[in-house]
Protein chains: 2
Amino acid sequence: MPATQTRQRLVETARDLFYRQGYARTGVAQILKQAGVNSGSLYHYFGGKQDLLVAVLEHYRENLWPEVLDPVFDRTDEPIERIFGVLDGYRNMLLLTGCGGGCPIGNLALELADPDPRVRALLVENFENWRKAIGACIDQAAHRFPAEIDTDALSTFVLTAMEGGVMQARTHRSLAPFEASVAMLRDYFDRLLVRDR
Amino acid sequence: MPATQTRQRLVETARDLFYRQGYARTGVAQILKQAGVNSGSLYHYFGGKQDLLVAVLEHYRENLWPEVLDPVFDRTDEPIERIFGVLDGYRNMLLLTGCGGGCPIGNLALELADPDPRVRALLVENFENWRKAIGACIDQAAHRFPAEIDTDALSTFVLTAMEGGVMQARTHRSLAPFEASVAMLRDYFDRLLVRDR
DNA sequence: GTCTATATATTGATAGAC
DNA sequence: GTCTATCAATATATAGAC
């Protein structure tokens with residue numbers, strides 16, 4: 001097979017296993033087996049398991065727009081609907097995984113207590129890119145929010161609501177806590193946007 | 001030393017290491033070394049590493065009131081201030097750990113992708129006890145909220161805000177995302193409680 | 001209940017031929 | 001770039017004397 005495909009398959013397999021089992025519980029041997037790749041190839045492309053994690057986090061960063069945001073943003077131009085459309089995407093992910101999946105970045109962020117600087121920087125970058133995309137939607141609708149609202153803090157709060165809701169849904173293996181969280185966030189937005197401004 | 005102290009020290013040491021390093025990254029040998037206990041004693045009291053985790057989660061359950069809630073509830077009777085007092089306790093925990101700690105239950109909930117049923121039940125129980133304590137505060141102030149507000153969902157949302165804020169604070173190693181999240185939650189409460197009812 | 005010594009499996013990573 | 005074989009370290013758990 002072409003050289004780049006081996007590397008690519010390693011990254012995709014690692015992403016899949018890290019997501020389903022976590023980083024520590026996934027062994028290099030399991031990645032090799034599932035990817036159909038030999039040990040020598042992995043250590044030809046990567047310095048080790050942690051470099052594979054770095055590649056996975058870079059992959060998530062590269063795929064935020066094409067996989068998470070674009071499909072939602074293509075369906076509507078309305079900035080507030082875009083925000084809740086993104087949240088609905090996470091609801092779908094929970095549905096598809098029987099509430100067992102959650103947010104891959106959030107999972108890694110809490111599993112890795114003291115991550116290598118490169119890893120932590122990529123976790124931060126993934127969070128920040130997500131938050132900035134939401135922040136841009138809020139800014140587009142800035143004239144509809146009360147002037148005293150800190151729109152940067154509000155974008156943080158949207159990420160907070162997503163991650164906190166997903167965490168509870170995953171623990172309960174139920175959509176209910178996620179849906180309750182999004183409903184409360186929606187109520188908050190409704191009250192902020194109580195009339196057109 | 002007395003028999004019960006050996007068991008107790010194992011649980012406390014495991015709690016400390018699971019909190020600082022995560023469950024998977026903590027080896028039984030490390031727990032034994034730090035606790036000053038021999039292998040034979042651990043397997044006398046516990047079936048294995050996972051049973052130690054169960055004991056740690058039971059410990060957290062037993063200590064929710066004495067360690068997390070009572071110190072706050074003793075300072076004020078006002079139910080809304082109690083809620084934000086609890087959140088301020090997590091801010092303190094973040095401060096004390098250089099934002100590296102976070103919520104021990106949330107950390108384990110996301111690290112353990114597919115936990116043993118006993119473990120998952122205890123994670124749920126820990127979340128539920130916390131949420132119910134917040135819910136009781138909300139119920140005490142129920143007359144001050146708009147009638148259409150789902151107070152059960154609101155207590156879920158408080159836990160969501162805490163966990164999501166803590167996750168970001170831990171990732172950024174900064175209090176700012178946690179404080180922003182709590183500030184937005186406070187703003188939401190202020191708008192809900194816009195006048196005395 | 002506690003002790004030391006050890007079993008067995010698995011971990012991440014490497015060597016060196018092709 | 002890929003292959004097989006294997007290393008050294010560490011993992012959890014156990015055996016059996018005291």
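Reminder, nothing fancy here: chain letters follow the sequence lines and each chain counts from 1.
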Asker: Between Leu53(A) (CG) and dA13(C) (C1'), how many Å, whole number?
Answerer: 17 Å

Asker: Specify the separation, in whole Å, of atom CZ of Arg9(B) and atom P of dT2(C).
Answerer: 10 Å

Asker: For Tyr43(A) and dT2(D), is the shortest distance between a side-chain N/O and OP1 or OP2 below 4.0 Å?
Answerer: no

Asker: Check the distance between dT14(D)'s P and Tyr45(B)'s OH and give it to me in whole angstrom.
Answerer: 18 Å

Asker: Taking CG from Leu32(A) and P from dC3(D), how many angstroms apart are they, rounded to a whole number?
Answerer: 11 Å

Asker: Could you check whether Arg20(B) pairs with Asp114(A) (Lys NZ or Arg NE/NH1/NH2 to Asp/Glu carboxylate O, under 4.0 Å)?
Answerer: no

Asker: Do Phe84(A) and Tyr188(A) have ring centres separated by under 6.0 Å?
Answerer: no

Asker: Round to the nearest Å and state the distance from Ile31(B) atom CD1 to dT10(D) atom P.
Answerer: 16 Å

Asker: Whether the side chain of Ser181(B) engages the backbone of Thr160(A) through a donor-acceptor N/O pair (distance < 3.5 Å, no angle test) should be reported.
Answerer: no

Asker: Decide if atom CZ of Arg25(B) counts as having more than 12 heavy atoms of other residues, nucleotides or ligands within a radius under 6.0 Å.
Answerer: no

Asker: Separation of Gln30(B) atom CD from dT12(D) atom P, in whole Å?
Answerer: 10 Å

Asker: Counting only side-chain heavy atoms from C-beta out, which of dT4(C), dT2(D), dA13(C) sits nearest to Asn38(B)?
Answerer: dT4(C)

Asker: Send over the distance from Phe46(B) CZ to dT14(D) P, rounded to a whole Å.
Answerer: 15 Å

Asker: Quick check for you: among dT2(C), dG12(C), dT2(D), whose closest atom lies nearest to any side-chain atom of Val28(A)?
Answerer: dG12(C)

Asker: Check Asp74(A), Asp70(A), Asp77(A) against Arg82(A) for a salt bridge (Lys or Arg N to Asp or Glu O under 4.0 Å) and give me the one that passes.
Answerer: Asp77(A)

Asker: I'd like to know if Ser39(A) reaches the base of dT14(C) with its side chain such that a donor and an acceptor end up less than 3.5 angstrom apart.
Answerer: yes

Asker: Report yes if a side-chain nitrogen or oxygen of Ser41(A) is closer than 4.0 Å to either non-bridging phosphate oxygen (OP1 or OP2) of dT2(D); otherwise report no.
Answerer: yes

Asker: Answer with base, sugar-phosphate or nothing: what part of the nucleic acid does Gly48(A) contact at a heavy-atom distance below 4.0 Å?
Answerer: sugar-phosphate

Asker: Which part of the nucleic acid, if any, lies within contact of Gly27(B), taking any heavy atom under 4.0 Å across all strands shown: a base, the sugar-phosphate backbone alone, or nothing?
Answerer: sugar-phosphate

Asker: When the distance from CG of Leu52(B) to P of dA13(D) is rounded to whole Å, what number comes out?
Answerer: 10 Å

